[in-house]
Structure formats: structure tokens, C-alpha cells
Amino acid sequence: MDRRQLLKRGTGSLIALAAGSFLPNTSLGMNTPDLSPLDRLRLCCNENPHGPSPLAQAAIKESISSSYRYPRKVGDELKATIAEVNGLTPEHVLLGAGSASILQLMGLWIGQQKKDIVSAEYTFKWLMRYAQQLGSKYIKVPLNKDMYIDLEAMKGKISKNTGLVYVCNPNNPTGTYISAKQAHPFYKEMSNTAPVFVDEAYIEYTADHPTHNTAHLIRNHPNIMVCRTFSKIYGMAGLRIGYLLADPTIIEQLEKIDVGMGISVAYTSLAAAIASLKDQSFLQYSLKENERARNYLQQHLRKWNIPYHDATANFVHCDISKYGKDIKAELEKQNISLNPIQRDEKTYLRISIGSHKEMELFASRMNDFFTK
Ligand SMILES: Cc1ncc(COP(=O)(O)O)c(C=O)c1O
């Protein structure tokens, strides 16, 4: 019986787990959920179904016995590792319980200044939502016709009241990505007039990663900040760990309003993150599997005549307006967690890329509906 079956069996089995039957899966692909045809498909949250990496799982197990300590030392070790990977110093790094907590902190920082945020109108809105609660205005800039963020138009919206420019690249929910070559000159130019916050939650999925690293801009352009997460390609969404890279003077200001006091991430999560950064084979495996499953899904979208937008990361954004309001009920009927998005009188789906098996189940369950 594997761990997932044990978990399904309830409390008695959980005690068995605690008593020592917890063995990390140590080879690539072993962790991928083994779904039965009737299981609920969770394609709503852009998670990596293959994670955490074998090395991360082993690190979690090993770090449990040290978890009676507050995690400052292991946090410092992770900061040093992240800094090294990005050519920066540990003083450039702020850790958070998921990048959501970094977005919240940044929202608080801008909100308390009562400054405006310039951002795309159709993007990941958590930072703006938080800052708006505190009195900031969200200056919305439309996407271009191909659903790409329009950096030129954003530049034009910066005013003396702009406290932050928020760019999500690759953009969630559209999946469109502006290459570093194209985006970096804009980041540099905009940062001369306002701080630029680049949310790179999905950057590891892009073709120009890690060569064209936005973090490299920070030394000469201290108004540029980069936010990343271990929730996506690293497959550790449940372990809650993200980070910000920024000039040390900004990090210092944020630390003053961060209730976490630098110890808000669990010891085990920090150990897992350090191990993940060293597990290149897992990263390559995840990239390959994601692309294989995404191609499979896109092939079906084409067969069903469903238009979709350029996709770079672990989700595909498609226009399902022709199915109108019926789609929500159908997804529920087919036991699929996926929320349609209503926007400008159109209906979209942002379908997360699961394992290949999950995409096969999605295609077989939705085929009748999409071909009727
Ligand atoms: C663009 C983007 N930023 C940030 C987050 C927050 O992720 P987490 O808090 O798990 O790091 C998400 C989650 O989906 C996201 O899509």
C-alpha cells in the first residue's frame, strides 16, 4: 500500500505513517498521483503534480528532528543559496511563507504610502487587492490583442503618484510571456521613475531561463524587485515558501513591517527548498513532463476548435465563450476542479497542466461536451 492509499484510509493509517512508514519517494516520477478514472481532477491551481523533488523529500525527513529550533540558521543558509544562484548577496533576499506573503507585504508597504499601482488589467491581482484595502489605486492597463502585457502602455501610465509597477511575467492567468530581451529594457527604464516589482512565479518554465535573469538587473537598478516561489516548478505549494530579491535598503524597510521577523517559514520547508535548488534532474524532469502534458492538452483544444493563447508555463488559457454558461455545471458533473473566468462578455478557462494521466482523463471526460 503506498502513502496516498494509506492517507485515504483515515486516522489509523495516519498513526502508521507517524510510526515510521513515511518513506520519501526517491526516484523521479514516483510521486506523481496515481489516479483512478473517477477521482476528482484538480486543474485549478497551477501546481506541479510531480513534486516535491526526491532530494527535497529526503531533506524534509532529515530536518524533522531539528525542527524544535526556530529556523533562523537554515533560513540564512537558504538566503545564501538563493543569493549565489542569482549573483546577489543574502542581504538582497527576503523569505516568506509562499510568495503570497511577499505580495501581501508589498501591498502593505505601498498601501501605507497611499500610492498607486500601475499594472495590467488582466493579471494576478493579489498585491493590488491588498493595497486597495489600504487606500491605493490600481491603475489598470489593458493587455494587447494577443493577451500579452503591454509594457509600453504601462510605461505611459506612470505618474508622480505611482508607488509601484507590478508585472507578472509569465502572466497569470493568460500564460503569455515577454522574453527577458524584450522586457528588461522596460524594467530598467520604468524603474527610473517608480519601483518595478516583477512577479516571476513561473519563470523557470521559460526558454530563456536561467541565462537572462531579471535578478541580475538589481545591482545597477535598485528600484527593480523580483518575486519568486517554490510552489510551481519545484512542486512545493503545500510547503509555503517564496522569496523576494531586492536592493538591501528595500529589504530592510520591508523587514520592519514583516510580522514574520524572518522566521515565518517552517524549518522543513527551508531544508526542502535548499535541496530543491540543487536538484537539477527534477527540474528538467518537471519541465519535460509539463511540456509533454501541455502539448497533449493543446492538441485536444485544437481538435475541439477551442482557441488558446501562447502558453509558456504550467497552464493554458483558452476562450470557451461558445460554451457559455453550461461549462461550469459540466466541469462539476465531470468531477473537475476548474473555475471559468468571466471577462468582457467572454468566458475563459485557465487549465492547469497536471500529469499526462490527468490531461488524458480531462480529455476523455470533456470530449463529448466539447464535440457535441
Ligand atoms: C503569479 C503568481 N504569484 C504568486 C502566487 C502565489 O503563490 P505562492 O504563495 O504559493 O508562492 C501565485 C499562485 O498561484 C501566482 O500565480
Side-chain angles (χ1 to χ4, degrees), residues 42-49 51-52 56 75 78 82 93-110 117 119-131 138 143 147-149 164-178 183 187 196-206 209 214-215 225-246 254 258-260 264-266 268-270 272-273 276-277 286 290 294 309 311-317 337-339 341 348-354:
R42 196 174 138 84
L43 301 178
C44 53
C45 296
N46 302 347
E47 298 151 344
N48 173 3
L78 176 60
I82 291 172
V93 186
L94 181 73
L95 301 175
S99 60
S101 74
I102 305 282
L103 299 177
Q104 185 185 29
L105 200 58
M106 190 51 58
L108 172 62
W109 193 51
I110 300 304
I117 302 175
S119 188
E121 156 269 324
Y122 192 39
T123 189
F124 195 70
K125 298 185 176 159
W126 289 10
L127 193 162
M128 281 71 84
R129 276 201 196 127
Y130 195 80
Y138 170 12
L143 300 180
M147 292 279 198
Y148 280 75
I149 287 178
L164 198 76
V165 178
Y166 171 87
V167 184
C168 186
N169 195 31
N171 189 34
N172 182 5
T174 58
T176 46
Y177 172 64
I178 305 171
Y187 298 162
V196 175
F197 183 100
V198 191
D199 186 336
E200 295 193 338
Y202 303 94
I203 201 69
E204 296 87 356
Y205 288 99
T206 64
H209 178 82
T214 310
M225 294 173 253
V226 180
C227 185
R228 304 221 184 104
T229 181
F230 285 90
S231 298
K232 304 302 173 186
I233 192 109
Y234 295 103
M236 304 196 335
L239 292 164
R240 309 307 301 131
I241 174 157
Y243 61 95
L244 179 72
L245 297 167
L254 293 171
D258 181 9
V259 76
S264 57
V265 185
T268 43
S269 302
L270 293 162
S276 281
L277 287 172
S286 295
N290 181 65
R294 197 178 63 203
H309 299 103
T312 354
N314 60 342
F315 55 96
V316 176
H317 183 264
S337 296
L338 188 48
N339 298 313
I341 306 167
Y348 298 104
L349 271 188
R350 188 206 64 184
I351 308 168
S352 296
I353 303 301

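Below, all heavy atoms of this structure are taken into account, side chains as well, without hydrogens, waters or symmetry copies. Bear in mind that the values here come from a model prediction, so they are computed numbers and not experimental data. Along the sequence shown, residues are numbered consecutively beginning with 1. Both counts, for ligands and for their atoms, begin at 1 and track the order of listing.
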### Query
Has Arg350 got its NZ or CZ under 6.0 Å from the middle of the six-membered ring of Phe315, at an angle within 45 degrees of the ring axis?
yes
### Query
Can you tell me if Cys168 has a non-hydrogen atom under 4.0 Å from ligand 1?
yes
### Close aromatic pair by centroid cut-off 6.0 Å: His209 and Tyr202
no
### Task
Could you establish whether Gly98 and ligand 1 come within less than 4.0 Å of each other, counting only heavy atoms on the residue side?
yes
### Summary
When distances are taken from atom 12 (C) of ligand 1, the protein heavy atom at minimum range is Phe124 CZ, 3.3 Å
### Query
Can you tell me if Thr312 uses its side chain to pair, donor with acceptor, with the backbone of Pro170 under 3.5 Å?
no
### Message
Give me the residue, atom name and distance of the protein heavy atom closest to atom 13 (C) of ligand 1.
### Response
Lys232 NZ, 3.4 Å
### Task
Compare Ser99, Cys44, Ser352, Ala201 and give the one whose heavy atom is closest to atom 8 (P) of ligand 1.
Ser99
### Message
Any non-hydrogen side-chain atom of Phe230 less than 4.5 Å from a side-chain atom of Leu270?
### Response
no
### Message
Measuring only between side-chain heavy atoms, which start at C-beta, is Leu127 closer than 4.5 Å to Leu164?
### Response
yes
### Summary
Thr229 heavy atoms within 4.0 Å reach ligand 1 at atoms 8 (P), 11 (O)
### Task
Could you establish whether Tyr202 and ligand 1 come within less than 4.0 Å of each other, counting only heavy atoms on the residue side?
yes
### Query
Between Asn48 and Ile233, is there a donor-acceptor pair closer than 3.5 Å when you use the side chain of the first and the backbone of the second?
yes
### Task
Could you tell me which atoms of ligand 1, counted from 1 in the order shown, lie closer than 4.0 angstrom to a heavy atom of Arg240?
8 (P), 9 (O), 10 (O)
### Query
So is Asn46 close enough to ligand 1, meaning a heavy atom under 4.0 angstrom away?
no
### Query
In the protein, what heavy atom is nearest to atom 3 (N) of ligand 1, and what distance, to one decimal place, separates them?
Asp199 OD2, 2.8 Å
#### Entry: Residue and atom name of the nearest protein heavy atom (relative to atom 10 (O) of ligand 1), distance in Å to one decimal
Ser231 OG, 2.6 Å
